[in-house]
Each structure stands twice: as structure tokens, then as C-alpha cells.
Amino acid sequence: MEFSLSKLVEDSFSIDKKTYWLKFKTDKGSYIAFWGEPNNPNRNIVSLRHQLLPLMLTIDDIDLVNCMPSDNEKSKYELILSVPSNIPIEINPTL
């Protein structure tokens, strides 16, 4: 499935949860978060952090089931997707 990321809303780290995250707004006004752990490769976060926006992002449909946000993530962070670091993404910059 393809998503258009239009704005980086948050780039943060939680010492308590030992987690990095990037939260993006999509062109449809919804939010997607990408998660990573310290001392791990965190390919998605490193790749996305330095991209020019807007960009198109593809996540294989088979992986989407592992990106469904929890009820807490939906209500507290308004996420439509919560992408862990082990899910591969494909970044396609837009012209």
C-alpha cells in the first residue's frame, strides 16, 4: 500500500520506553509513526529522517497487519499506522 508523507510532526526519543519515533502527517491528514530501539539498525528512521518531503512510501500489504496501531495509539496519537523497525519500507521521493 502506498502513502504520501507530507510533514514530519515529531522526531523524538523516550528514555523510559527506550524508543525512537518519527510521526508524519499524510497528505490525507492522518498520522503514521515509525518506531525504533536504541542500539539497533533502525533503517526506517535513519532513512526517513533525512528525506525531503513530500514523499511516497510503500509498505507491502502483507506487512500492514503488523503495523496496526493499538487502541491507545489510535486514541492518544491519532495513528492509522504504527510501523515497527522490522517492517521494510520503500521510499519514493516525489517530483
Side-chain angles (χ1 to χ4, degrees):
M1 181 168 250
E2 195 168 65
F3 302 91
S4 176
L5 303 183
S6 59
K7 180 180 180 184
L8 176 61
V9 177
E10 199 171 345
D11 181 345
S12 200
F13 175 74
S14 170
I15 293 172
D16 296 339
K17 295 181 181 180
K18 297 180 182 167
T19 303
Y20 291 101
W21 70 88
L22 299 176
K23 182 178 177 183
F24 288 90
K25 188 173 190 175
T26 71
D27 64 333
K28 299 192 182 331
S30 53
Y31 297 97
I32 299 174
F34 298 86
W35 306 94
E37 302 78 25
N39 304 316
N40 284 336
N42 294 317
R43 183 180 52 126
N44 293 344
I45 288 179
V46 170
S47 296
L48 287 168
R49 190 175 271 149
H50 301 290
Q51 295 294 320
L52 293 175
L53 297 174
L55 64 82
M56 296 302 290
L57 175 87
T58 304
I59 300 174
D60 283 340
D61 290 345
I62 197 162
D63 289 325
L64 284 176
V65 72
N66 296 314
C67 299
M68 293 298 108
S70 67
D71 289 340
N72 183 51
E73 290 172 326
K74 285 180 192 175
S75 65
K76 188 173 182 179
Y77 304 109
E78 303 176 48
L79 299 180
I80 61 161
L81 286 179
S82 180
V83 185
S85 59
N86 65 321
I87 298 297
I89 62 172
E90 181 180 325
I91 298 170
N92 304 303
T94 59
L95 299 177

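Just so we're clear, the structure is a prediction, and the values are computed from it rather than from any experiment.
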Asks: Output the distance between atom CG (Asp63) and atom CG (Asn86), rounded to the nearest 0.5 Å.
Replies: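 Between Asp63 CG and Asn86 CG, I get 8.0 Å after rounding to 0.5 Å.
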Asks: What residues form a side chain to side chain contact (heavy atoms under 4.5 Å, CB included) with Asp61, not counting sequence neighbours?
Replies: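 Here the qualifying residues are Met1, Leu64.
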Asks: Can you find a heavy atom in the side chain of Leu5 that is under 4.5 Å from one in the side chain of Gln51?
Replies: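 In short, these two side chains do not touch, never coming nearer than 4.5 Å.
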Asks: Tell me the closest heavy-atom pair linking Pro69 and Ser82, and the distance in Å.
Replies: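 Closest approach of Pro69 to Ser82: CA-CB, 3.9 Å.
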Asks: To the nearest 0.5 Å, what is the distance between NZ (Lys18) and CG (Asn39)?
Replies: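 CG of Asn39 is found 9.5 Å from NZ of Lys18.
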Asks: Can you measure from OG (Ser47) to CD (Glu90) and round to the nearest 0.5 angstrom?
Replies: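 With rounding to 0.5 Å, OG (Ser47) is 12.0 Å from CD (Glu90).
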Asks: So, do Ser4 and Lys28 sit near enough that their side-chain heavy atoms are less than 4.5 Å apart?
Replies: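 No, side chains not in contact.
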Asks: Nearest 0.5 Å, please: how far is NE2 in His50 from CD1 in Ile91?
Replies: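 Reported value, rounded in 0.5 Å steps: 11.0 Å.
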Asks: Indicate, with yes or no, if Leu48 and Val83 share a hydrophobic cluster defined by side-chain heavy-atom contacts under 4.5 Å among Ile, Leu, Val, Met, Phe, Trp and Tyr.
Replies: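 Hydrophobic grouping puts Val83 with Leu48.
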Asks: For residues Asp27 and Pro54, determine if any side-chain heavy atom of one lies less than 4.5 Å from a side-chain heavy atom of the other.
Replies: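 In short, these two side chains do not touch, never coming nearer than 4.5 Å.
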Asks: With the 4.5 Å side-chain cut-off for hydrophobic clustering, are Tyr77 and Leu81 part of the same group?
Replies: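 Each belongs to a different hydrophobic cluster.
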Asks: If I compare all heavy atoms of Ile45 with all of Phe34, which pair ends up nearest, and what's the gap?
Replies: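 Here Ile45 and Phe34 meet closest at CD1-O, 3.8 Å.
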Asks: Please answer whether the main-chain N or O of Asn42 pairs with a side-chain N or O of Ser85 as donor and acceptor at a distance below 3.5 Å.
Replies: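 No; zero donor-acceptor contacts below 3.5 Å.
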Asks: Any idea how Trp35 and Trp21 line up, ring-wise: parallel (<30°), tilted (30 to 60°), or perpendicular (>60°)?
Replies: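 Tilted.
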Asks: Quick one: list whatever passes side chain to side chain donor-acceptor pair (under 3.5 Å) with Asp60, sequence neighbours left out.
Replies: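 For Asp60 there are no side chain to side chain donor-acceptor pair (under 3.5 Å) partners, ignoring immediate neighbours.
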Asks: Indicate, with yes or no, if Val46 and Ile87 share a hydrophobic cluster defined by side-chain heavy-atom contacts under 4.5 Å among Ile, Leu, Val, Met, Phe, Trp and Tyr.
Replies: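 As far as the 4.5 Å side-chain criterion goes, Val46 and Ile87 are not connected within one cluster.
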Asks: Kindly say whether Arg49 contributes a backbone atom to a donor-acceptor pair with the side chain of Asp11 at under 3.5 angstrom?
Replies: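 Judged by distance alone, no pair lies under 3.5 Å.
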Asks: Are Ile59 and Leu55 co-members of a hydrophobic cluster defined by side-chain heavy atoms under 4.5 Å apart?
Replies: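 In one cluster: yes.
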Asks: Can you see which heavy atom on Leu8 is nearest to which on Lys23, and at what distance?
Replies: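 Where Leu8 meets Lys23 most closely, the heavy atoms are CD1-O, 3.5 Å.
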Asks: Look up atom CD1 in Ile80 and atom NZ in Lys74, then write down how far apart they are to the nearest 0.5 Å.
Replies: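 So the CD1 of Ile80 and the NZ of Lys74 are separated by 11.0 Å.
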Asks: Other residues, nucleotides and ligands only: do more than 12 of their heavy atoms fall within 6.0 Å of CG on Asn72?
Replies: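 For Asn72, atom CG is crowded (more than 12 foreign heavy atoms under 6.0 Å).
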Asks: Could you see if Phe24 belongs to whatever hydrophobic cluster contains Tyr31? Use Ile, Leu, Val, Met, Phe, Trp, Tyr and a side-chain cutoff under 4.5 Å.
Replies: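 No.
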Asks: Between Ser30 (side chain only) and Thr26 (backbone N and O only), is there a donor and an acceptor less than 3.5 Å apart?
Replies: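 Here the side-chain-to-backbone pair does not exist.
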Asks: Which heavy atom of Phe13 sits nearest a heavy atom of Pro38, and at what distance?
Replies: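 Where Phe13 meets Pro38 most closely, the heavy atoms are CE1-CG, 3.5 Å.
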